[in-house]
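What follows is one structure encoded as structure tokens, with my remarks underneath.
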Amino acid sequence: MSKRILILGAGFGGLAAATELRKSLGSDHRVIVVDRKKSFMMGLVKLWILEGSRVLEESQTPLDGLNAKGIEYLNDEVTKIETAQNRVQAKDHGWIEYDYLIVALGAELVPGRIAGFAGRGYNLYDAQEIPKLRDSLLELKRGKVAIAIMGMPYKCPPAPYEASLIIDSILTRQGTRSSIEIDIYAPAPIALPVAGPQISSNVVDMISQRSIRFHPLHKIKSVTDDKLEFENGTKADYDVLAGIPPHRAPEVVSSAGLAEGDWVAIDRKTMKTRFKNVFAIGDVTEIKVGILALPKAGMFAEEQAKVAARHIIDEISGRTTIATFAGQGYCFMEVGNKRASYLEGDFFNPAGPSLRLEAPSEQNFQKKQDFERTRVKEWLL
Ligand SMILES: Cc1cc2nc3c(=O)[nH]c(=O)nc-3n(C[C@H](O)[C@H](O)[C@H](O)COP(=O)(O)OP(=O)(O)OC[C@H]3O[C@@H](n4cnc5c(N)ncnc54)[C@H](O)[C@@H]3O)c2cc1C
């Protein structure tokens, strides 16, 4: 019997899930993807826009490319999820029923939670704001650049450190670096808590060598015209502020009762939620790793997408599923000047997360470019 698989969100996870399902299911089964956006751009491209090697307008791939691949794409806002009725409401398309649901709606950024941030700082994770941030950096002749991680967890934990190194290389090229200080403020006691003290210390060494200062235990409270105020009672001056706003699960997910606490809890091996035939993947979920959580990263969203898709495919085909999410992944940590380190981790290691960081190289940067190119091609072109 024909089945209808509905995927909410055409980001990293949603696109990977749709592709996997379409590859393996016959055309009698429908794969439908809903997203409010008309195009896709991988999160890591934001750093290339900051660096100046990409422009926003040329980095977005239209989502209607999905239709040519036999995946039905609906450009719409998801407004309600009713798991008891097996249906989802979209603003223009009304109620859509499903046999299987994959929730891949990502994390929502909430800059409004930080008093005074709007209008004074740039959201480092907002593609529209990065060109303006870049212009401000190019115009700055002397002063202070502050990068503030405003809440935990946030997506791609190394990204603020990558951004600091890219900003260092931009200012060096501009000839202004010696007159500009760069500071990173973070709420956590170490740079990358889930990666552990050793990798955190390697990252701090890496940025310190480029005269970038790291301030742990500095959770921002508010922003004024020239000062950052922290919950620990201290203040700092800034001229240009790049912030990573607090994250939360999208409202439509929380109001559906899918989120337990801040995020959607799932079985860490199967991506199943506690609701029948409902899977959740990627940034909208939380998988506990000891007292911390699996990092929010596209790489994990993709792997989880494949596992969820495989469970659905096998169930429809009457096979037993052995697909399991292993909690292993990697990323390329950029250091500026078209070089990147390679970071890989095994987060479900019984003895605790084990990670390895390689020295930066041009080859790793090229692999990062391939990482983006091959996926966009497979998913949308
Ligand atoms: C600067 C930066 C650098 C990064 N670098 C890396 C990296 O090098 N490697 C890596 O693995 N990850 C990286 N990431 C993280 C990665 O981008 C995310 O973890 C990944 O996108 C998560 O995928 P997702 O499918 O869960 O969510 P998303 O990709 O965010 O997709 C969610 C989708 O849901 C849609 N949506 C949300 N709510 C609604 C609604 N109500 N109605 C309709 N549509 C809705 C959104 O429009 C969006 O398209 C980076 C992120 C940033 C910001």
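The figures here come from the full heavy-atom set of this structure, side chains too, leaving out hydrogens, waters and symmetry mates. Count residues from 1 along the sequence. Counting starts at 1 for both ligands and their atoms, following the listed order.
- Of all the heavy atoms in S2 and D99, the pair that sits closest is O-OD2, 4.2 Å.
- Between F279 and Y100, the ring planes are tilted. Angles from 30° to 60° get that label.
- Using a 3.5 Å distance cut-off with no hydrogens or angles, the side chains of Q198 and N202 do pair a donor with an acceptor.
- Side-chain polar atoms of S53 and E51 form a donor-acceptor pair below 3.5 angstrom.
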For this session: Output, in order, the C-alpha distance, side-chain angles, deciding distance and verdict of side chain to side chain contact (heavy atoms under 4.5 Å, CB included) for L258 and V278.
Result: CA-CA 10 Å; L258 276 165; V278 179; 4.2 Å; yes
So what's ligand 1 close to, N/O to N/O, under 3.5 Å?
unit_1	atom_1	unit_2	atom_2	d
ligand 1	11 (O)	G298	N	3.0
ligand 1	11 (O)	M299	N	2.8
ligand 1	12 (N)	G298	N	2.9
ligand 1	19 (O)	D283	OD1	3.0
ligand 1	19 (O)	D283	OD2	3.1
ligand 1	19 (O)	A297	N	3.4
ligand 1	19 (O)	G298	N	3.0
ligand 1	25 (O)	F12	N	3.4
ligand 1	25 (O)	G13	N	2.8
ligand 1	26 (O)	D283	N	2.8
ligand 1	29 (O)	F12	N	3.1
ligand 1	41 (N)	R36	NH2	3.4
ligand 1	41 (N)	E77	OE2	3.2
ligand 1	41 (N)	V78	O	3.2
ligand 1	42 (N)	V78	N	2.8
ligand 1	44 (N)	R36	N	3.1
ligand 1	47 (O)	D35	OD1	2.8
ligand 1	49 (O)	D35	OD1	3.4
ligand 1	49 (O)	D35	OD2	2.6

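- Around atom NZ of K23, more than 12 heavy atoms belonging to other residues, nucleotides or ligands sit under 6.0 Å away.
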